[in-house]
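Here the structure comes first, spelled out in structure tokens, and everything after it is commentary.
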Amino acid sequence: MDVRVRYAPSPTGLQHIGGIRTALFNYFFARSSGGKFILRVEDTDRERYSDESLEDLYSTLDWLGIKWDEGPVVGGPYGPYIQSERFDIYKKYAEQLVKEGKAYYCYCTPERLEALREEQVRTKSEYQGYDRHCANLTEEERAELEKKGIKPVIRLKVPTEGKTTFHDVIMGDITRKNKDISPDPILLKSDGFPTYHLANVIDDHLMGITHIMRAQEWIPSGPLHVLLYQAFGWEVPTYCHLPMVMGKDGQKLSKRHGSTAVREFREKGYLPEAIINYVTLVGWSLDGSTEFLSKEQLEKCFRMENIHKNPGKFDYKKLDWFNSQYIRMADDGRIASLMMPYLIKAGYISSTPTAEEEEKVRKLVKPAKERMKVISDIVDLSKFLFVDEPVEDPEMYIAKGSDIEKTRKALERGGDILFKGLEEGKADEKIEEELCALSSELEIKVNGVFQPIRVAITNSQVSLPLFDSISLLGLDEAKRRLERAKEFIKEK
RNA sequence: GGUUCCUUCGUCUAAUGGUUAGGACAGGAGAUUCUCAGUCUCUAAAUAGGGGUUCGAUUCCCCUAGGAACUACCA
């Protein structure tokens, strides 16, 4: 049987790291086993639903380059793939279970349930959950309640005896006593929408899903789902519960640990290949030594057997490392165009860059490339090119081991050597040699000559290399800044 | 509280019934470079604890401890 897997997110928030890790595992498993990857939108919670979330889902998968074989937009033979458009299906199946005596209508109000819960907590009752108050209503009682206009929910009858087991490819057999399964969960809400459990089981069956790969947080509801499959008389798919992605403190990764939405990473200038590579490596590994795995490679070599049991912590620093590596590997033209929006947003270049501006950005790539962890770093790195804010603390010009006198000389004589050399078209290395000679003459370290000049030209103690900076700035502007610094230091 | 699951360096992980328990990130040290970054070299760092089974266990079993998830008309 051909593999069919799905990613079935709920559009109630932005796509986050944990979610796309699940998507990626499903996607890679489908590709590597020649199966189909299906996208299904589980939008049965109309309270938390948002259009923005749905758009974010599409744009995030698109950005990552994850294409689905069946699902919204592309369609497929088992559609619709959006649960809110399958409304009638769930109702039909839920009512079928009622008819067969496997489920029942419940008219309990949220208030009663709330009170029940409080009571159970207060008395530290051993019995937790719904008390099956409506499990054995007579037809007359039902009619009475219907007459009052109470909209019922449909609850599944969970056996009180016996136990239910399901097999998980990663975890092995997982067994739960039926009496420990949340008593009589709601299948169909009073608004007629299905709950997750119902919709998920029905759709997975109807869509021919063969492997259910989802986060381990779903393990506790595994037996319940099996009960549902059995109630319908359907074959249970293969389960594969994925280890969770945790934060530094070992708790489920969430906003308080830092960025979790993929969109945020994208906005900061992470590359999709870095995200894919790193995220895939938490909870899965090829051989323990291969670090760099492209999406294309993963589509071939992903094996379910290599998925781990234990949860993994998300390490932002390792992601940074991956990202800086991928930035360096990336094509210069691509990096240039990725940098553009940040420079525009910073107001450094116009929103429709001129040819001259584009050229400038293009030249910026080479020196900046190996200094960026994320593309947005370019804003700080290139500020001196677009904004001229001279350093006004004389101390900043003075290198360690130097003093104001020597700094003045370095600026004056070093500046002469530098610009004379550049104007004559001397090689950078040659000029550098001459500047080094000056430093030994002044009895200071090489940096004693370079630092004041660099600070003068780049307006910062931390900058791109001097020659790159001058070349980017242009000779005239560089010279102007140096002259200004000379004047400034002279007065001190 | 109840239920279920998990446990190799700080982190992600590799390996095997017999190894000096390997790699990477982060950390530390050094080298290099005009600063920063980078690069290179070196370094420290782990089988949670206790019982078994076994000639031998980190690996198999049990217990303990710790952690996590779930416990909604949310998914």
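Because only heavy atoms are used, hydrogens play no part in the values below, and waters and symmetry mates are left out as well, while side chains stay in. All chains are named by letter (A, B, ...) in the order of the sequence lines, taking the proteins before the strands, and each is independently numbered beginning at 1. Everything numeric in this text was worked out from a predicted model, so none of it was measured.
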Between [X] and [N], is there a contact of a side-chain N or O with OP1 or OP2 at under 4.0 Å?
X	N	value
A/Gln451	B/C34	no
A/Asn310	B/U8	yes
A/Arg328	B/U39	yes
A/His308	B/A14	yes
A/Gln325	B/U39	yes

Please round to the nearest 0.5 Å and tell me the distance separating atom CD of A/Glu432 and atom CZ of A/Phe467.
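One gets 5.5 Å once the value is rounded to the nearest 0.5 Å.
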Please give the distance between the [atom1] atoms of [N] and [M] as a whole number of Å.
N	M	atom1	answer
B/U16	B/U8	C1'	13 Å
B/G52	B/G17	C1'	15 Å
B/G1	B/U59	P	29 Å
B/C36	B/A21	P	39 Å

Using a heavy-atom cut-off of under 4.0 Å over every strand shown, decide if [X] touches base, sugar-phosphate, or nothing.
X	result
A/Gly283	sugar-phosphate
A/Leu435	nothing
A/Leu281	sugar-phosphate
A/Pro311	sugar-phosphate
A/Thr175	sugar-phosphate

Measure centre to centre between the rings of A/Phe292 and A/Tyr326, then say whether the value is under 6.0 Å.
yes
Ignoring hydrogens and angles, does a donor from either the side chain of A/Lys252 or the base of B/A68 sit under 3.5 Å from an acceptor on the other?
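In this structure, the two groups form no donor-acceptor pair.
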Are any side-chain N or O atoms of A/Ser382 and backbone N or O atoms of A/Ile378, one a donor and one an acceptor, separated by less than 3.5 Å?
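Flag set: sc A/Ser382 to bb A/Ile378 pair under 3.5 Å.
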Within the sub-3.5 Å range, which N or O atoms of nucleotides 71-75 of chain B have a protein N or O partner, and how far apart are they?
from	atom 1	to	atom 2	distance (Å)
B/C73	O2	A/Ser190	N	2.8
B/C73	O2	A/Ser190	OG	2.8
B/C73	N3	A/Ser190	OG	2.9
B/C73	N4	A/Cys108	O	3.3
B/C74	OP2	A/Lys189	NZ	3.0
B/C74	O2'	A/Asp45	OD2	2.7
B/C74	O2'	A/Arg48	NH2	2.9
B/C74	O2	A/Arg48	NH2	3.2
B/A75	OP1	A/Thr44	OG1	2.9
B/A75	OP1	A/Lys189	NZ	2.6
B/A75	OP2	A/Tyr196	N	3.2
B/A75	O3'	A/Glu42	OE1	3.3

Ignoring the backbone of [X], work out which of [options] is nearest its side chain.
X	options	result
A/Met171	B/A69, B/C5, B/A24	B/C5
A/Glu370	B/C25, B/A37, B/C12	B/A37
A/Lys309	B/A24, B/U35, B/C6	B/C6
A/Gln251	B/U13, B/A69, B/C34	B/A69
A/Phe467	B/C34, B/C6, B/U39	B/C34

Can A/Phe314 and A/Tyr278 be said to form a ring-ring contact (aromatic ring centres under 6.0 Å, His included), step by step?
CA-CA 9 Å; A/Phe314 189 81; A/Tyr278 176 60; 5.3 Å; yes
Could you tell me which non-hydrogen atom of A/Arg481 sits nearest to which non-hydrogen atom of A/Val387, and how far apart they are?
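Smallest interatomic distance, heavy atoms only, reads NH2-O, 4.2 Å.
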